[in-house]
Amino acid sequence: RNFKAFFQNIEIRIFGLIIGIAVVLISISLKWTGTYSSLWQAIKDSLCQVVAFISTSGYYVCDYTQWPTFAIVVLFTLLFIGGCCMSTSGSLKIFRVIVLLKLVKRGIFKQIHPNSVKAVVINGKAISSEKVSAITTHIILFFAVFFFSCVVLSLNNFDMETTISTTIGLFSNTGMALGVPGASGYFGMFNSFSQIYMAFLMIAGRLEIYAVLLLFSKTF
């Protein structure tokens, strides 16, 4: 019942901040473009879709594919972020995103002060170099698998929007996609080989890549 400690956690604060900013941006976009006549309806639908995307829950209350491009891009970005560490959400997770941003900030700082020693600090604690290295490796591996999977699914010759959104939709375990699959999340139009690969991609995303790729390691 220590709510002060709860809100002092940087991961919780960043998670809430991302949701808040995304909802505001999408709501303004929906009202500004005339997609929604009611501001309350725009806020309500955008909140539900933002939470569904960033938590990788996969629910939808409206056809978000008909929203303005700006709103769709915001939702699409959330698929790469995911929820908090230790949660059942997919994608990178908030903690890794925070570490990545702090590494970028430290890199800029060291360009100005090359002899400085600056640790990556989260919640008042310095993160070990081994853990930072593991997180960096995971992020690189995540995008490597993502781009490779885009190439594999592109063999179906669907449009770019369908191919890329399907890849991250499956890899993040949301089932959300744009283009041909749309809000329905139906992927039956892909060929048999792609469907087998998509099953592999869903498992890799759910087990956070390593557990699956280790099976193909010679040393393992």
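Side-chain contact of Thr167 with Ser149: a donor-acceptor pair under 3.5 Å is absent, judged by distance alone.
Side chain of Ser29 to backbone of Phe70: no donor-acceptor contact under 3.5 angstrom is found. At distances below 3.5 Å, at least one donor-acceptor pair connects side-chain atoms of Thr162 with backbone N or O atoms of Val180. Side-chain atoms of Arg106 do not come within 3.5 Å of backbone N or O of Ala119 as any donor-acceptor pair. Of the possible polar contacts, one joining the Thr77 side chain to the Val73 backbone as a donor-acceptor pair under 3.5 Å is found. In this structure, the side chain of Thr174 engages the main chain of Met176 through a donor-acceptor pair within 3.5 Å. Judged by distance alone, with hydrogens and angles left aside, the side-chain atoms of Thr166 form no donor-acceptor pair with the main-chain N or O of Thr163 at under 3.5 Å. Checking side-chain atoms of Asn156 against main-chain N and O of Leu153 turns up a donor-acceptor pair under 3.5 Å. Without hydrogens or angle criteria, Asn157 side chain to Ser154 main chain gives no donor-acceptor distance under 3.5 Å. In terms of modelled atom types and a separation under 3.5 Å, the side chain of Lys31 and the main chain of Tyr36 share no donor-acceptor contact. Checking side-chain atoms of Asn123 against main-chain N and O of Lys125 turns up no donor-acceptor pair under 3.5 Å.
Phe80 and Phe76 have their aromatic ring centers within a separation under 6.0 angstrom. For Tyr197 and Phe190, the ring centers sit 6.0 Å or farther from each other.
Cluster membership for Val61 and Ile54, using ILVMFWY side-chain heavy atoms within less than 4.5 angstrom, is not shared. Under a hydrophobic clustering in which Ile, Leu, Val, Met, Phe, Trp and Tyr are joined whenever their side-chain heavy atoms come within less than 4.5 Å, directly or via other members, Val132 and Ile140 fall into different clusters. No continuous path of ILVMFWY side-chain contacts below 4.5 Å connects Ile28 to Trp40, so the two sit in separate hydrophobic clusters. Residue Val50 is grouped with residue Ile21 when hydrophobic side chains (ILVMFWY) are merged at heavy-atom distances under 4.5 angstrom, including chains of intermediate members. Put simply, Leu101 and Ile122 are part of the same group of oily side chains (I, L, V, M, F, W, Y) that touch within less than 4.5 Å, one to the next.
Shown are Ile81, Val74, Leu75; of these, the side-chain contact (heavy atoms from CB on, under 4.5 Å) with Phe53 is made only by Leu75. Remark: of the listed residues Phe142, Phe148, Phe146, Phe142 is the sole one forming a ring pair (Phe, Tyr, Trp, His ring centres under 6.0 Å) with Phe171.
Annotation for Leu30 and Ser46: closest pair CD1-CB, 4.5 Å, computed over non-hydrogen atoms. Here the closest heavy-atom approach between residue Glu161 and residue Leu178 is recorded as CG-CB, 3.6 Å. Across all their heavy atoms, Ile139 and Arg96 have their closest contact at CD1-O, 3.8 Å. Nearest heavy-atom pair, Gln49 versus Trp67, reported as atom, atom and distance to 0.1 Å: CG-CH2, 3.7 Å. Minimum heavy-atom separation, Ser91 to Ser172: OG-CB, 3.1 Å. The two residues Thr56 and Gly82 make their nearest non-hydrogen contact at CG2-CA, 4.4 Å.
Shown here is Tyr210, whose OH atom has more than 12 heavy atoms of other residues, nucleotides or ligands within 6.0 Å. Residue-environment remark: CE (Met189) exceeds the threshold of 12 foreign heavy atoms within 6.0 Å. The environment of Lys110 atom NZ is dense: over 12 non-hydrogen atoms of other residues, nucleotides or ligands sit within 6.0 angstrom. Environment of CZ in Phe109: crowded, with over 12 heavy atoms of neighbouring residues, nucleotides or ligands closer than 6.0 Å.
Between Tyr60 and Tyr64, the ring planes lie perpendicular to each other; the angle is over 60°, past the 30° to 60° tilted range.
Atom-to-atom distance recorded for Leu100:CG and Thr136:OG1 is 7.5 Å, nearest 0.5 angstrom. In this structure, Met202 CE and Arg206 CZ are separated by 11.5 Å, a value rounded to the nearest 0.5 Å. To the nearest 0.5 Å, atom CD1 of residue Ile14 and atom CD1 of residue Ile19 are 12.0 Å apart. Interatomic distance, CZ of Phe193 versus CD of Gln195, reported as 12.0 Å (0.5 Å rounding). Going from atom CZ of Phe15 over to atom CD1 of Ile10 covers 14.5 Å, rounded to the nearest 0.5 Å. In this structure, CD1 on Ile203 lies 14.0 Å from CD1 on Ile209, to the nearest 0.5 angstrom.
Using a 4.5 Å heavy-atom threshold, the side chains of Val51 and Ser57 count as separate.
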Check the pair Ser87 / Lys93 against side-chain contact (heavy atoms from CB on, under 4.5 Å), numbers first and verdict last. CA-CA 9 Å; Ser87 73; Lys93 304 286 181 68; 4.2 Å; yes
Report the C-alpha distance between Leu92 and Phe143 in whole Å, list the side-chain angles of each, state the deciding distance to 0.1 Å, and finish with yes or no for side-chain contact (heavy atoms from CB on, under 4.5 Å). CA-CA 10 Å; Leu92 289 174; Phe143 282 103; 4.0 Å; yes
